[in-house]
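Step one of this worksheet: look at the structure below.
Numbers restart at 1 for each chain; the letters A, B, ... are given by sequence-line order, proteins then strands.
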Amino acid sequence: MPAKNSEVKKLVDKKYRHGFVTDIGSDTIPPGLNEDVIRLISRKKDEPQFMLDWRLKAYRHWVTLREPDWAKLDIDPIDYQDISYYSAPMQNDDGPKSLDEVDPKLLETYEKLGIPLHERAALAGVAVDAVFDSVSVTTTFRDKLADAGVIFCPFSDAVKDYPELVEKYLGSVVPYRDNFFAALNSAVFSDGSFVYIPKGVRCPMELSTYFRINEAKTGQFERTLIIADEGSHVSYLEGCTAPMRDENQLHAAVVELVILKEAEIKYSTVQNWYPGDEEGRGGIYNFVTKRADCRGTNSKVSWTQVEAGSAITWKYPSCVLRGENSVGEFYSVAVTNNMQQADTGTKMLHIGANSRSTIVSKGISAGHAQQSYRGLVKIFPTAHNTRNHTQCDSLLMGKHSGAHTFPYMEIKNPTAIVEHEATTSKIADDQLFYCRQRGLSEEDAVNMIVNGFCKEVFRELPMEFAVEAQALLNVSLEGAVG
Amino acid sequence: MLNIDNLHATAADTKILKGLNLSIGTGEVHAIMGPNGSGKSTLAHVLAGRDGYEVTDGSVTFLDSELLDMLPEERAWHGIFLGFQYPIEIPGVNNTYLLKAALNARQKFHGEPEIDAAQFLRVIKDKARLMQMEQSFLNRSVNEGFSGGEKKRNEIFQMAVLEPRLAILDETDSGLDIDALKIVAAGINALRSEDRSFLIVTHYQRLLDYIEPDVVHVLAGGQIIKSGDKSLALELEARGYDWVLEETSSA
Ligand SMILES: Nc1ncnc2c1ncn2[C@@H]1O[C@H](COP(=O)(O)OP(=O)(O)OP(=O)(O)O)[C@@H](O)[C@H]1O
Ligand SMILES: [Mg+2]
């Protein structure tokens with residue numbers, strides 16, 4: 001069947017444009033996980049003692065845990081001893097001091113992904129931290145940001161350069177005891193981004209991290225920590241891609257957002273990990289814990305996500321609305337095609353009085369894909385006069401896809417106003433025919449209808465990302481109808 | 001322009017069109033009347049290429065091409081427009097955006113350049129004025145939250161922008177108030193021309209007071225059973241369909 005296979009491959013190649021592998025020497029430790037491996041990671045990163053201690057505590061807790069099984073996901077067992085927990089592209093002992101010292105192959109990789117790292121060529125107004133497998137390759141515009149007092153650097157640099165900030169906030173939003181994957185991440189995480197916005201500062205640029213998995217048989221475990229000090233403001237974007245491989249690869253990330261009073265973080269994600277092929281071979285297992293802690297009066301967080309990739313997505317960006325008048329928002333588009341599965345949603349925990357939250361979730365399922373929205377709105381007894389509005393829409397394409405909704409509500413304060421709306425629709429033949437009658441091709445008609453369905457979420461994305469997200473959606477759904 | 005020969009069509013194994021013949025010349029306006037369930041919308045859908053119908057016999061030529069071989073969008077590019085009896089809502093898709101995409105798809109098919117944005121806006125404004133539509137309608141989602149009458153008016157507005165060769169209007173007059181009926185009729189009349197034909201499905205002779213048809217047909221039992229000039233519509237209005245049905249069954 002070689003002919004057929006290559007046809008299939010061609011098709012998939014066309015659909016997933018980021019599936020190439022960069023051929024670069026790497027320092028990859030052998031598969032397996034134990035305390036020695038954790039010590040090795042910590043030593044490679046030259047970490048202070050407090051980090052190693054924390055990792056070991058997390059590891060010792062992790063070994064007592066079992067994978068969660070409550071999500072509506074059908075997952076092949078993961079052999080945690082068969083994964084390499086650290087892989088870095090070869091470079092000089094100290095790592096590159098400037099872009100000139102970065103391996104041109106790496107620069108080329110990012111170029112190919114549409115993320116030029118030379119500041120001259122870079123998107124105006126966007127600073128990028130490029131994470132390749134387990135390490136950060138470079139962070140652009142660091143100096144310009146430093147002028148504004150903003151710290152934006154790889155996590156491993158922050159551990160060395162700002163240990164007091166890291167020690168104070170690391171694990172304060174997502175403790176290592178939080179869940180199985182958070183514990184694993186805490187034990188082995190290798191890099192990620194660190195952001196600190198000082199009091200009263202409006203970050204002068206968009207910040208973004210671009211995650212790339214390259215090496216086979218490795219997991220990526222990154223950790224992002226953003227601290228928005230009082231009255232500050234930042235918009236942060238995150239993008240992800242990986243090569244196409246037949247085996248599954250694990251990605252277990254943690255994102256912690258600390259938002260002090262009067263501060264605001266806008267966090268946008270376009271997730272495009274390799275989704276596997278049509279038959280469900282390969283693809284990234286994406287287990288992510290993201291949480292924002294609105295700690296003060298008028299703190300605000302807004303999560304916007306476009307989840308198009310990954311074989312499995314398990315992800316619930318959450319908002320802890322502790323501060324009075326704090327605001328949490330969650331805007332999500334999740335697309336699953338072929339054999340992809342996603343169980344995603346959010347948690348809104350209302351603790352402070354007058355806190356408000358909005359949830360807009362748009363799920364699109366095609367092929368044999370299964371998708372669930374899982375959301376919790378919890379109103380604590382202290383949370384007087386709070387409000388939540390949830391809107392949860394699913395769009396099904398074809399006859400074999402599925403959409404499921406699991407909204408949970410726990411309301412412990414009678415003054416709360418909580419509203420929930422949910423719809424499930426098929427991409428109606430009527431709508432398709434209407435557009436085609438006017439002269440749109442079937443494919444364009446599908447794209448137009450789907451983009452219309454997602455409009456409320458797309459308009460929350462920063463401009464450059466909105467365009468990318470739309471294009472991504474179209475590619476992800478190629479061939480989904482007909 | 002359009003030539004329908006012995007057309008048989010079924011939907012879900014039910015025979016609906018049973019040997020229908022109809023010929024429309026360039027620049028002509030034909031009206032089709034007929035009892036509920038007689039197959040008028042089916043005819044319109046089959047001509048536009050909607051899924052769910054099977055043509056079991058007969059042929060249709062449109063401007064010298066085999067119409068039934070084409071995809072719905074290809075028929076549109078060749079100049080077929082269908083005004084829907086029940087226009088469809090498409091949430092989040094801007095009315096103007098749909099039209100621009102539709103026009104440009106047609107331009108591309110004919111190997112012509114994309115429509116210039118400024119020129120497109122002028123056309124849109126002109127046609128909106130013709131249909132007495134508020135500017136705000138243009139930027140709303142396609143038919144979403146439109147009243148029944150507004151949807152119908154929007155269909156004619158779209159027709160005016162797309163300038164088809166053959167417009168098939170399925171009960172565009174149903175559900176319109178008297179003022180809206182006049183506006184819609186004026187819109188249609190403004191588009192009448194030597195090289196554009198119309199097939200107008202209606203239940204009411206009232207519309208034909210404003211739009212004078214060249215030919216009036218009666219569709220019943222899946223066939224055209226009688227054709228005549230506009231006085232036929234008046235007669236149908238006065239006497240109903242029974243006499244025509246009797247006439248044909250005794251013939
Ligand atoms: N998809 C379908 N499956 C089964 N029957 C159908 C289908 N579409 C139409 N029909 C039937 O075919 C007949 C003709 O329907 P059609 O909609 O063409 O009538 P019409 O002349 O437009 O009626 P009206 O004046 O009420 O609009 C009806 O009996 C209808 O129920
Ligand atoms: Mg009808």
Among A:Lys315, A:Lys290, A:Glu460, A:Glu238, the one residue meeting side chain to side chain donor-acceptor pair (under 3.5 Å) with A:Gln305: A:Lys315
Select one option (side chain, backbone, both, neither) describing which atoms of [X] are under 4.5 Å from chain A's heavy atoms.
X: B:Arg75; value: neither
X: B:Glu89; value: backbone
X: B:Tyr86; value: neither
X: B:Leu82; value: both
X: B:Ile80; value: both

Residue pair B:Glu171, B:Phe84: steps toward the side chain to side chain contact (heavy atoms under 4.5 Å, CB included) verdict: CA-CA 8 Å; B:Glu171 295 199 27; B:Phe84 285 65; over 6 Å; no
Distance in Å, A:Glu206 CD paired with A:Leu237 CG, rounded so as to fall on 0.5 Å steps: 5.0 Å
From CD (A:Glu419) to CZ (A:Arg387), nearest 0.5 Å: 6.0 Å
Top of A:Lys455, A:Gln431, A:Gln437 for chain B proximity - count of heavy-atom pairs under 4.5 angstrom: A:Gln437
Option that, when pairs with chain B are counted at under 4.5 Å, heavy atom only, ranks first among A:Asp429, A:Asn451, A:Ile449, A:Leu440: A:Leu440
Part of A:Tyr434 within contact of chain B (heavy atom distance under 4.5 Å): both
Verify whether the ring centers belonging to [X] and [Y] lie closer than 6.0 Å.
X: B:His45; Y: B:Tyr53; value: yes
X: A:Tyr267; Y: A:Trp303; value: yes
X: A:Tyr331; Y: A:Phe458; value: no

Winner by heavy-atom pair count (cut-off under 4.5 Å) against chain A, out of B:Pro164, B:Ala105, B:Pro91, B:Ser141: B:Pro91
Chain A contacts, top residue of B:Gly49, B:Gly92, B:Gly52 (heavy-atom pairs, under 4.5 Å): B:Gly92
